[in-house]
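Beneath this line is the structure, given in structure tokens, with notes to follow.
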Amino acid sequence: MVDREFFLGFIRIHILYHAQNEPIFGAEIARELGRHCYTITAGTLYPLLHRLQAEGYLESFPRVEQGKQRKYYRTTLQGSEMLNECRKQIRELVDEVLE
């Protein structure tokens with residue numbers, strides 16, 4: 001079994017990527033991560049979303065849909081800048097690791 005700590009960085013980047021494209025909510029991003037074979041529990045996901053918000057990478061806002069209020073997240077300017085920096089590092093890493 002692969003240590004989940006290795007993948008938490010990938011998950012953080014994935015969250016920033018999707019939150020930059022459109023606002024996301026917890027259950028939705030959990031499903032999206034599952035499509036990429038990341039198994040993440042609510043007990044890991046929600047604290048991670050809150051941490052990304054506290055670090056200034058995400059902002060949240062409420063939205064009511066089908067009578068339910070959901071907390072949506074989108075990247076901040078700082079989150080977009082971090083994602084762009086991560087893209088540079090990912091390219092360099094992929095070039096080296098898959099050489």
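A quick note: this is a predicted structure, and the numbers were derived from the prediction, not measured.
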Fill in: Validation row: K71, F25 side chains within 4.5 angstrom (heavy atoms)
no
Practice prompt. Return yes if some donor-acceptor pair links the side-chain N/O of E55 with the main-chain N/O of G79 below 3.5 Å, else return no.
Written response: no
Worksheet item: Does the pair R63 and Q69 meet the rule for a side-chain contact (heavy atoms from CB on, under 4.5 Å), with working shown?
Response: CA-CA 6 Å; R63 183 186 287 172; Q69 183 169 322; over 6 Å; no
Worksheet item: Does the pair L33 and T39 meet the rule for a side-chain contact (heavy atoms from CB on, under 4.5 Å), with working shown?
Response: CA-CA 7 Å; L33 291 167; T39 304; over 6 Å; no
Item to complete: Return yes if a side-chain donor-acceptor contact under 3.5 Å exists between H18 and E22, otherwise no.
Response: no
Worksheet item: Looking at CD1 of I24 and CD1 of I29, how far apart are the two atoms once the value is rounded to the nearest 0.5 Å?
Response: 4.0 Å
Worksheet item: Would V97 end up clustered with F10 when hydrophobic side chains under 4.5 Å apart are linked, directly or stepwise?
Response: yes
Item to complete: For the pair H14 and Y17, name the ring-plane relationship: parallel under 30°, tilted 30 to 60°, perpendicular over 60°.
Response: perpendicular
Discussion item. If you define the side chain from C-beta out and look only at heavy atoms, does anything of L58 sit under 4.5 Å from L16?
Written reply: yes
Worksheet entry | Side chain proximity check, R51 to Y57, heavy atoms < 4.5 angstrom | no
Worksheet item: Could you give the distance from CD1 (I11) to CG (L45), rounded to the nearest 0.5 Å?
Response: 8.5 Å
Worksheet item: Do N84 and R87 have side chains that get closer than 4.5 Å, going by heavy atoms?
Response: yes
Practice prompt. Working to the nearest 0.5 Å, report the span between OH of Y73 and CD of Q53.
Written response: 5.5 Å
Worksheet item: How about S80 and Q20: does a side-chain donor come under 3.5 Å of a side-chain acceptor?
Response: yes
Worksheet item: Just how far is it from atom CG of L83 to atom CG of N21, taken to the nearest 0.5 Å?
Response: 8.5 Å
Practice prompt. Working to the nearest 0.5 Å, report the span between CE of M82 and OG1 of T75.
Written response: 12.5 Å
Item to complete: For E65 and Y72, test the side chains for any donor-to-acceptor distance below 3.5 angstrom and give the result as yes or no.
Response: yes
Fill in: L52 reachable from F61 in the ILVMFWY side-chain graph, under 4.5 Å edges
no
Worksheet item: Is the shortest heavy-atom distance from the side chain of P62 to the side chain of R70 under 4.5 Å?
Response: no
Worksheet, complete the sentence: Taking every heavy atom of P47 against every heavy atom of A42, the minimum-distance pair comes out as CD-O, 3.6 Å
Worksheet entry | N-O pairing of R31 and E28 below 4.0 Å | no
Item to complete: Calculate, to the nearest 0.5 Å, the distance between atoms SG and CZ belonging to C86 and R12 respectively.
Response: 9.0 Å
